[in-house]
Undergrad: 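Structure below; questions to follow.
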Amino acid sequence: MAKTPAQRIRKHGAKAAVPQHSLPPVINPTTHRTPEKAQNNSKLIVIAGVVASLFLFWYLHLLTMNQMTQLSGGLAMPDSLIGGFSQDYVAQLRAAMDESARGQLNYVHKTAGTLFPLIFGFSWLLLIGTNVARKALRWALWAAPLLFAVAHLWSNAAIDGLLGSAAPDTGSVALASVLTVASWVLFVLSLLAGAAAVFLGWRKAKD
């Protein structure tokens, strides 16, 4: 039976031959994750998110919502009314849209209407986070895209509830209208917050 290094030392003293052990070499020792590489990776993710957000905005508001007017006798969808809408408008829209048309709008809300605010909000959080170092300012700029995502998703549900209800009450119409206006206002504020973050990041890199 082979003796352990300790047994060899006790038997032979300093002349004992003790096998040398070494740790295995590090795999790819030339590979380093530098701060510059991490920053470049985050910039690529931000760029991809911004491009996806622009595409979804075009698809949802400029393409699909315009096409939906063909199912409503030319009436715009509530989502497109930046200034809000009244109970009379909702009544006209409900009369012009049949069950199939309302189902298509509900499907749009569940697909592109859900993906757009989520991807936009996530992308703008990354955009602001990678360009703004001050924690208080970063949270202040984050507020707009976070609230936008909440307002947009909530307005989707509120509009679907209006069109699916037999007789929507004044309070439900007012809530859906306020959420729609708030969604557009917060979207604009989010764009401004993103522009401010890019400017701060550019100025920091220049200094």
Side-chain angles (χ1 to χ4, degrees), residues 31-68 76-85 105-162 174-207:
T31 302
H32 300 286
R33 182 174 174 83
T34 63
E36 290 77 11
K37 287 185 178 181
Q39 187 175 14
N40 289 335
N41 291 337
S42 64
K43 287 182 178 179
L44 291 176
I45 295 174
V46 168
I47 292 172
V50 170
V51 172
S53 299
L54 292 175
F55 171 78
L56 286 171
F57 177 84
W58 168 82
Y59 177 80
L60 176 62
H61 289 289
L62 303 181
L63 179 65
T64 305
M65 289 302 170
N66 283 334
Q67 292 178 343
M68 288 295 299
M77 295 297 102
D79 311 67
S80 303
L81 301 176
I82 300 176
F85 44 85
L105 180 60
N106 178 263
Y107 176 77
V108 171
H109 284 161
K110 289 181 178 179
T111 53
T114 299
L115 288 175
F116 168 61
L118 292 179
I119 293 178
F120 176 84
F122 177 73
S123 301
W124 251 244
L125 291 180
L126 286 178
L127 175 66
I128 294 169
T130 55
N131 287 282
V132 180
R134 291 173 54 190
K135 186 174 181 180
L137 180 58
R138 187 167 64 241
W139 275 104
L141 295 176
W142 273 348
L146 286 172
L147 292 175
F148 162 75
V150 173
H152 197 289
L153 295 174
W154 194 357
S155 68
N156 286 348
I159 291 171
D160 289 335
L162 290 180
L175 175 62
S177 179
V178 168
L179 288 172
T180 301
V181 174
S183 175
W184 281 106
V185 171
L186 289 167
F187 177 69
V188 174
L189 291 177
S190 298
L191 294 178
L192 295 176
V198 172
F199 173 75
L200 292 173
W202 171 80
R203 191 174 66 175
K204 179 182 177 183
K206 187 177 181 181
D207 295 340

Undergrad: Of all residues at least two apart in sequence or in a different chain, which pass the side-chain contact (heavy atoms from CB on, under 4.5 Å) check with L118?
TA: T114, L153
Undergrad: Would you find more than 12 non-hydrogen atoms of other residues, nucleotides or ligands less than 6.0 Å from F57 atom CZ?
TA: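 More than 12 heavy atoms, drawn from other residues, nucleotides or ligands, come within 6.0 Å of this atom.
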Undergrad: Show the nearest heavy-atom pair for residues V132 and A197, with the distance to one decimal.
TA: CG2-CB, 3.8 Å
Undergrad: Would you say that H152 contacts L60 through its side chain, given a criterion of any heavy-atom pair below 4.5 Å between the two side chains?
TA: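 The answer is yes, as the side chains (C-beta and beyond) meet within the 4.5 Å cut-off.
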Undergrad: Could you check whether any side-chain N or O of S183 sits under 3.5 Å from a backbone N or O of L179, counting only pairs where one atom can act as donor and the other as acceptor?
TA: no
Undergrad: Please enumerate all residues that pass side-chain hydrogen bond (donor to acceptor under 3.5 Å, both in side chains) together with N131, with sequence neighbours excluded.
TA: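 N131 satisfies side-chain hydrogen bond (donor to acceptor under 3.5 Å, both in side chains) with no residue once adjacent residues are dropped.
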Undergrad: Once rounded to the nearest 0.5 Å, what's the spacing between atom OG1 of T111 and atom OH of Y59?
TA: 6.0 Å
Undergrad: What are the two closest non-hydrogen atoms of M65 and H61, and how far apart are they?
TA: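 Looks like CB-O, 3.7 Å.
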Undergrad: Could you grab the distance from atom CG of L189 to atom CG of L147, nearest 0.5 Å is fine?
TA: 9.5 Å
Undergrad: In Å, rounded to the nearest 0.5 Å, how long is the span from CG of L126 to CD1 of I47?
TA: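 Between atom CG of L126 and atom CD1 of I47 there are 12.0 Å.
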Undergrad: What pair of heavy atoms forms the shortest contact from R138 to G129, and how long is it?
TA: CD-CA, 3.7 Å
Undergrad: If I compare all heavy atoms of A76 with all of L81, which pair ends up nearest, and what's the gap?
TA: CB-CD2, 4.0 Å
Undergrad: Can you tell me how far the NZ atom of K135 sits from the CH2 atom of W142, to the nearest 0.5 Å?
TA: 9.0 Å
Undergrad: Quick check: F187 with F120 (ring centres under 6.0 Å apart)?
TA: yes
Undergrad: Starting at OG1 of T180, measure out to CE of M77 and round the result to the nearest 0.5 Å.
TA: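 Going from the OG1 atom of T180 to the CE atom of M77 covers 12.5 Å.
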Undergrad: Check for a donor-acceptor pair, side chain of S123 on one end and backbone N or O of G49 on the other, with a separation under 3.5 Å.
TA: yes
Undergrad: Rounded to the nearest 0.5 Å, how far does CD1 of I45 lie from CZ of F122?
TA: 7.0 Å
Undergrad: Applying side-chain contact (heavy atoms from CB on, under 4.5 Å), run through M68 and L105 and close with a yes or a no.
TA: CA-CA 8 Å; M68 288 295 299; L105 180 60; 3.7 Å; yes
Undergrad: Using side-chain hydrogen bond (donor to acceptor under 3.5 Å, both in side chains) as the criterion, list what pairs up with H109, not counting sequence neighbours.
TA: D79, D160
Undergrad: Mind listing the closest non-hydrogen atom pair of G113 and N156 along with its distance?
TA: O-ND2, 3.0 Å
Undergrad: Please report the closest heavy-atom contact between W124 and S190, naming both atoms and the distance.
TA: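 Result for this residue pair: NE1-O, 2.8 Å.
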Undergrad: Check step by step if side-chain contact (heavy atoms from CB on, under 4.5 Å) holds for L146 and V150.
TA: CA-CA 7 Å; L146 286 172; V150 173; 6.0 Å; no
